[in-house]
2 protein chains.
Amino acid sequence: MISIVKSDSLIGGIEAGGTKFVCAIGHPPNDIQALERFPTTTPEETLGRTLDFFQNQPRLPDSIGIATFGPADVHPDSETYGYITSTPKPGWSNTDLGGVISRELQLPIVFDTDVNGAAVGEYLWGNGQGTKNLLYLTIGTGIGGGALVNGKPIHGLVHPEMGHLFLPRAEGDDYEGYCPFHGTCLEGMACGPAIEDRWGIPAKSMPPDHIGWSFEAHYISLALVNLILTLSPERIILGGGVMQQMHLFPSIRSRVVSHLNGYVQASELTYEIDQYIIPPGLGSKAGVLGAMGLTIQFL
Amino acid sequence: MISIVKSDSLIGGIEAGGTKFVCAIGHPPNDIQALERFPTTTPEETLGRTLDFFQNQPRLPDSIGIATFGPADVHPDSETYGYITSTPKPGWSNTDLGGVISRELQLPIVFDTDVNGAAVGEYLWGNGQGTKNLLYLTIGTGIGGGALVNGKPIHGLVHPEMGHLFLPRAEGDDYEGYCPFHGTCLEGMACGPAIEDRWGIPAKSMPPDHIGWSFEAHYISLALVNLILTLSPERIILGGGVMQQMHLFPSIRSRVVSHLNGYVQASELTYEIDQYIIPPGLGSKAGVLGAMGLTIQFL
C-alpha cells in the first residue's frame, strides 16, 4: 500500500462536472470538514462560487485536487496545464480552470480527469485498495474510463477516452448510435441517453428482463474485454448511473468470461470474476474524494 | 531521455521466439560482440544451445534480458516469474525459461514479453526515442502489442494481449476468422496466416490494389483507434512481416484520422499523423536489442 497524507495536511478537492461542481476540504476519506454542491453554469459564476467556498473556510487547504470533465490538458509541463480545452459545453472551451484556482488561492493544484480522480479515490480508499493496476469505468450520461498503471493515472498524448471504443455490434442490433463523433462507439450504444433514445424509456425505468439490458451487457462486456487485453488491470470498478442496475454485473461478468474464452489465464477471469468486476466502494462523495486523492502524490 | 547503461556493463539478450531464438552479448545498440540464431525446438535443446552461447563467451554478461513468446509470467515477485505458462507450443507449457538461465549462469535476468522488449528497444534506441508513452504493435504470424507508460512496460493481472481486440467487421467482410479462441478478433482477421487463409495467397504475394489490403487497413486502424483511446500513446510503431507492405501505412493513417473524427484533439492525430504512426527504427536485430534493453532498468 502507499503512504497516505501527512496527518496535518489539509486537502481541498474540486469535482468539476459538466452538470455540477462539488467542493470539499478536510482530511480524506473520513474527516470532511466542509462540502458544497452547486450547478455548473458559466465559468465566471462557477469558478466564483468555487473560490468563495475555499476563501470562506477557517483555513485554506495545503493543496487542491481538481477532477474535471474534459477534454482537458492534464500535462503538468504543458503551457495550458489546467485548461479545459475543446469541450462542446457552451462557454467552457479554453477555460483555465486549474490556473484560476491556483493563482487566486496561491496554492499548488493537481489537475486530472474526473475518471482518473475516481480511479485514484477507489485505489486509495475504496474497492481498488490492494491493486497497482486498476480500471475504473463510469457508465451514465456519458461513458469514461480512468486507469492506474503502477499506481499512477495514465497520461499520454492527451488522456484516455475509453468511452469511445469501437466494438462489434450485438446480433440483431440496428441502432444508429448516439455519439455525434462516432455513432456506434461504446458511448454511442450504451450511455444512458442512448438507452433512452433507442427504447423510448429512461434506463432506470426499463425492467431487468428488457432486451435492452442484454444489448447493454454486450457492449460493456466487449469494452471490458478490449480494456483487459490492453491494460491487464488487476481489478475493474464499474460506476455511474446505469451501473446502479445491479443485475448488469452478473450479466457483464459472464459475457467477459465467455468472450475471452480461456485465452488469458487467470482465476480473476474465470471463477473469481465476481471479485474482479465490481461496483465502487465510495458512496456519494466518490467524485470529490477522488479529486482530493489526486493531491496525495504531493505529500 | 533516460540514462543508458554503465559503459563497462556487458549485457546479454535472448529473443525467445516461437520459431527461433536469438542470443547476443555486448554493449547495445552498436557494439554487439557476438550474436547467434537457432531454431526453437524442444525446451531442453533450445535452452542448452542458449546456455552454450553464453558459456562460450570470453566473459559472462552482467545481466541478461529475455524477451519471450507467451503467455509468460512477467511478475518479478511471482513464484513462477520467468516461466512460459500456458502456451499452445508443444512441450513449452510451464517451462522455467528465466529460472534456468538465471540459475545456470548465476546472473540476474529481466523477463518480459517479446513485444514489451521490442517497445523498450525502440524507446531506447529506435523510433520511440523522445517519448514516455509508446505503443509497439507487431503484425505478422501473430499480432501482439507492447506499451510503455511512463517509460515502463505495462504489467498487470497478466500482461497485455492486444492482438486479440474485438473490432467491428469491415463492410462486406464475411470471413469467419482465424483465431482459435475468438474467431474474428484482430489477430483472427488480420494476421499473416488469416490473410493467406482467406485469399488463398500469401500476404507478400498480394498486389497493393488487392481488396484484402483494404480490409487489413480497416482492422489495424480500428485497433489503433481503440488503443489510442485507451493508452493515449505519444507515438505508435508498427512492425512485423505484414507491415513490410509499406503501402499499408498511409492507408492505416488516413483511416485512424477518419475514425477518430476530430474527437481527440492533437496535431499528431491530424496533420502530423505521418510522424505518429511509423515503422520501427531498429533493423533485423530489433528483437534481441529489445531483450538487451530490458536490462537497462537494472543499471
Side-chain angles (χ1 to χ4, degrees), chain A residues 70-71 73-74 85-86 131-135 145 147-150 152-169 179-187 221-223 225-236 259-269 276, chain B residues 70-71 73-74 85-86 131-135 145 147-150 152-169 179-187 221-223 225-236 259-269 276:
Chain A
D73 186 340
V74 298
T85 55
S86 57
T131 67
K132 285 184 128 182
N133 296 271
L134 180 68
L135 173 64
L148 304 189
V149 172
N150 277 323
K152 292 192 177 158
I154 296 180
H155 301 149
L157 180 66
V158 187
H159 50 68
E161 286 284 358
M162 303 177 198
H164 295 261
L165 295 179
F166 284 64
L167 303 169
R169 271 185 183 279
C179 175
F181 289 90
H182 314 117
T184 59
C185 69
L186 172 62
E187 183 168 295
S221 65
L222 281 179
V225 163
N226 281 355
L227 294 167
I228 290 167
L229 292 167
T230 305
L231 295 167
S232 207
E234 293 161 80
R235 204 171 299 153
I236 296 174
H259 291 312
L260 283 171
N261 197 21
Y263 182 73
V264 182
Q265 297 207 342
S267 56
E268 289 84 349
L269 300 175
Y276 183 69
Chain B
D73 186 340
V74 298
T85 55
S86 56
T131 67
K132 286 184 128 180
N133 296 271
L134 180 68
L135 173 64
L148 305 189
V149 172
N150 276 323
K152 293 194 175 158
I154 295 180
H155 299 148
L157 181 67
V158 185
H159 50 69
E161 285 284 357
M162 304 177 199
H164 295 262
L165 294 179
F166 285 63
L167 303 169
R169 273 185 182 278
C179 175
F181 288 90
H182 315 117
T184 58
C185 69
L186 172 63
E187 183 169 294
S221 64
L222 281 179
V225 164
N226 281 354
L227 293 167
I228 290 167
L229 292 167
T230 306
L231 294 166
S232 206
E234 290 163 81
R235 205 170 297 152
I236 296 174
H259 292 312
L260 283 172
N261 196 22
Y263 182 73
V264 182
Q265 297 205 344
S267 56
E268 290 85 349
L269 299 177
Y276 183 68

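Numbers restart at 1 for each chain; the letters A, B, ... are given by sequence-line order, proteins then strands. Nothing here was measured: the structure is a model prediction, and the numbers come from that model.
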Donor on one side chain, acceptor on other, B:His164 and A:Tyr263, under 3.5 Å: yes
Chain B contact via A:Leu135 - side chain, backbone, both or neither, heavy atoms under 4.5 Å: neither
Taking every heavy-atom pair that is under 4.5 Å apart, which of A:Lys152, A:Glu161, A:His155, A:Lys132 has the most such pairs with chain B? A:Glu161
Atom CG in A:Leu157, atom CD1 in B:Ile236: separation rounded to 0.5 Å? 9.0 Å
Inter-residue atom distance B:Leu186.CG - A:Leu229.CG, 0.5 Å rounding: 10.0 Å
For A:Asp73, the side-chain hydrogen bond (donor to acceptor under 3.5 Å, both in side chains) test, sequence neighbours excluded, returns A:Ser78, A:Thr80
With side chain to side chain contact (heavy atoms under 4.5 Å, CB included) as the test, would you mind laying out the steps for B:Leu231 and A:Leu231 before giving the verdict? CA-CA 8 Å; B:Leu231 294 166; A:Leu231 295 167; 3.5 Å; yes
Would you say the side-chain atoms of A:Asn261 pair up with the backbone N or O of B:His182, donor to acceptor, closer than 3.5 Å? no
Side chain from CB out, backbone as N, CA, C, O: work out which of these in A:Val264 comes under 4.5 Å of a heavy atom of chain B, or both, or neither. side chain
Main chain of B:Phe166, side chain of A:Asn226: is a donor-acceptor contact present, judged purely on distance under 3.5 Å? yes
If you count heavy-atom pairs under 4.5 Å with chain B, which of A:Gly70, A:Ala266, A:Ser86 comes out on top? A:Ser86
Closest approach of B:Leu167 and A:Pro168, non-hydrogen atoms and distance? O-CG, 3.4 Å
Segment of B:Val158 engaging chain A (4.5 angstrom heavy-atom cut-off): both
Proximal component of A:Leu165, with respect to chain B [non-hydrogen, under 4.5 Å]: both
The interface call for A:His259 against chain B, heavy-atom contacts under 4.5 Å, is both
Sequence neighbours excluded, the answer for side chain to side chain contact (heavy atoms under 4.5 Å, CB included) partners of B:Arg235 is B:Thr131, B:Leu134, B:Ile278
Region of A:Gln265 in contact with chain B, defined by heavy-atom distances below 4.5 Å: both
Looking at B:Ser232 and A:Pro160, what are the two nearest heavy atoms and their distance? CB-N, 4.1 Å
